[in-house]
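Along the sequence shown, the residues carry numbers beginning at 1.
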Amino acid sequence: MRPVAPETRRIFLHSAGFVAARAATGGLSVLASLLLYRILRPEEAGRFQFLLAGGMTLGVLCGLGFHDTLARFIPERPDGQSGGLFRRALRRILVFGPALGAIVYVAIRATGFPLDAARAGLLLPAFVLVYALYTCALGMLRGQGKLKILSLLDLGWNFGAKAAAVAVALALPEFVPAFAAYAGLDLLVVLVAFWLLRGQLRGPAPPLDREVVGFARLVLLAELVRILCSTVDVYVVRGLLGAEPTGLFTAGVRMTTIVEQLVLTPIGVPLLYYFSRPGSEDLRRTVVENGTRLLGALMGAGALLLAATAGPIVRLLLGADYEGSVPIARIYTGHAVGASLLVLLIPLYNSKNRPAYAIAQSLAVLGVNLVLDLALVPRMGIRGAAIAGVAATGTSALLFAGIARARFQVDARGGVLRVLSLYFVCYGVLAVGWTVPALALYAIGLWALRLIRRRDIELIRRRPRAQGSAPAS
């Protein structure tokens, strides 16, 4: 058996440490989020989530793609040039952000649509600008490899904002005061982030070179399509079914997206840093092929456990008002499996300066999701939206495997197909009431299909030899 390379083990352990820190701080955010849903109840929670989804979508647009662009180019730039790149990106956002906010505000006031945004007034455009500034700051910190700082900022951005919303909702259980508190705390976190980057705010801001501008435009489109993929279900449910079904749907989905945010989302942050360093071609191939298979296998086990216990968890954490969220929580566990197979997609595409592949793939998946939503939601209600989201994510994983093999000579096809097949077979067994056989079948399948191998365990058991130093954190 070929031994694991010391550099691979070192990156695995360093990345795992960052993910563990994000998961630990994110646990507090999860508790605050669930408490907020319980206090607001389904209808107001649905309005809150709809407003938050709209603000994040517009915030991505206002951020101009600099979140991943800075993370991509800062590692290969000297310190003097990296500061200038950050300052120029910030200036562009400060020009474009207020203009976009003014357009959004005027449109809302003139049309009164959507109703949730109209009631929020200036809060929505203010949140949009804050979100864009935050993504710019995070892009700079990611490019510098300051991963521990990112974890601390995330604690304030997610947990702090939700805790503030909970405190206000206890006195005023409506979505507008809760959203105001959420946005206000996020503004405080942005100020802290820029204080940490104060040394990068001084000096000239030379024009962006053509490579950076072209990359940023593609990343912006990719990010916008990606966030639309994650929020299209909310928009369709809100438009076709109303606020209360939206609250039930988002609460059920939240049980799965919690896992994705705590475990999956942080993984791509350190990997883009490593993938962007010179001479990392073999590293990219090894990490993507084995990491995709391993992440999918482990997430499948967690998803089955969550599906088996979704009922008691939802009733315990959210209360009787959210009984309608239980089937959504069960169905949507499949989304976490598909998402785990996509974690390494963006770092791979961006490190190769090929975000256009992510755009094409995301557009195809968005189309699948929207068509299924429009076909299933009128007939099946919020269950139809859950099925559409899971189907779209599985389709995306299959597309990723094909593109990675055809264009980047990275072959993750076998792992993706085996993970999806094993999970959905076992979920079908679980759905008919055979919980223990389903879990046992999955455990046997992991070894029989070689989704978990002895070499994978070696990554964790062996300490890496000293070879270079981890990036500054």
Does [X] use its side chain to pair, donor to acceptor, with the backbone of [Y] at less than 3.5 Å?
{"X": "Ser325", "Y": "Leu248", "value": "yes"}
{"X": "Arg379", "Y": "Ala375", "value": "yes"}
{"X": "Arg87", "Y": "Arg202", "value": "yes"}

Distance from [X] atom [atom1] to [Y] atom [atom2], nearest 0.5 Å?
{"X": "Met299", "Y": "Tyr423", "atom1": "CE", "atom2": "OH", "result": "11.0 Å"}
{"X": "Leu133", "Y": "Leu187", "atom1": "CG", "atom2": "CG", "result": "9.0 Å"}
{"X": "Arg413", "Y": "Leu398", "atom1": "CZ", "atom2": "CG", "result": "12.0 Å"}
{"X": "Cys136", "Y": "Leu138", "atom1": "SG", "atom2": "CG", "result": "9.5 Å"}
{"X": "Asp186", "Y": "Leu153", "atom1": "CG", "atom2": "CG", "result": "11.0 Å"}
{"X": "Arg88", "Y": "Leu70", "atom1": "CZ", "atom2": "CG", "result": "13.0 Å"}

Student check: side-chain heavy atoms of [X] and [Y] closer than 4.5 Å:
{"X": "Phe66", "Y": "Met140", "answer": "no"}
{"X": "Phe424", "Y": "Val390", "answer": "yes"}
{"X": "Thr250", "Y": "Phe48", "answer": "no"}
{"X": "Val60", "Y": "Leu228", "answer": "no"}
{"X": "Leu363", "Y": "Leu221", "answer": "no"}
{"X": "Val365", "Y": "Thr393", "answer": "no"}
{"X": "Leu341", "Y": "Leu295", "answer": "no"}
{"X": "Leu317", "Y": "Tyr322", "answer": "no"}

For this session: Could you tell me which non-hydrogen atom of Asp233 sits nearest to which non-hydrogen atom of Ala388, and how far apart they are?
Result: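 That closest heavy-atom pairing would be OD1-CB, 4.5 Å.
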Exercise. Do Glu44 and Arg41 sit within salt-bridge range, that is, some charged N less than 4.0 Å from a carboxylate O?
Worked result: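 Result for this pair is no, no salt bridge flagged.
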Exercise. When you check the gap from the basic side-chain N to the acidic O, do Asp68 and Arg142 get nearer than 4.0 Å?
Worked result: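 Yes, charged N to carboxylate O under 4.0 Å.
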For this session: Apply the test side chain to side chain contact (heavy atoms under 4.5 Å, CB included) to residues Phe179 and Val168: give CA-CA distance (whole Å), side-chain angles for both, the deciding distance (0.1 Å), then the verdict.
Result: CA-CA 9 Å; Phe179 188 78; Val168 170; over 6 Å; no
For this session: Could you give me the CA-CA distance, side-chain angles and deciding distance for Leu220 and Thr69, then say whether side chain to side chain contact (heavy atoms under 4.5 Å, CB included) is met?
Result: CA-CA 9 Å; Leu220 171 60; Thr69 300; over 6 Å; no
For this session: Using the six-membered ring wherever Trp is involved, compare the ring planes of Phe127 and Tyr131 and label them parallel, tilted or perpendicular (cut-offs 30° and 60°).
Result: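 Judged by the thresholds at 30° and 60°, the geometry between Phe127 and Tyr131 is tilted.
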For this session: For the pair Trp157 and Tyr134, name the ring-plane relationship: parallel under 30°, tilted 30 to 60°, perpendicular over 60°.
Result: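 Correct class here is parallel.
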For this session: Please step through side chain to side chain contact (heavy atoms under 4.5 Å, CB included) for the pair Phe73 and Phe215, ending with a clear verdict.
Result: CA-CA 10 Å; Phe73 287 99; Phe215 185 85; 3.6 Å; yes
Problem set entry | Leu372 and Ile387: CA distance, side-chain angles, deciding distance, side chain to side chain contact (heavy atoms under 4.5 Å, CB included) verdict | CA-CA 8 Å; Leu372 289 176; Ile387 293 172; over 6 Å; no
Exercise. Any chance the side chains of Tyr235 and Thr246 put a donor and an acceptor closer than 3.5 Å?
Worked result: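 No, Thr246 and Tyr235 have no side-chain donor paired with an acceptor closer than 3.5 Å.
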For this session: Please check if atom CZ in Arg198 has more than 12 non-hydrogen atoms from other residues, nucleotides or ligands closer than 6.0 Å.
Result: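 Atom CZ in Arg198 is crowded, with more than 12 foreign heavy atoms closer than 6.0 Å.
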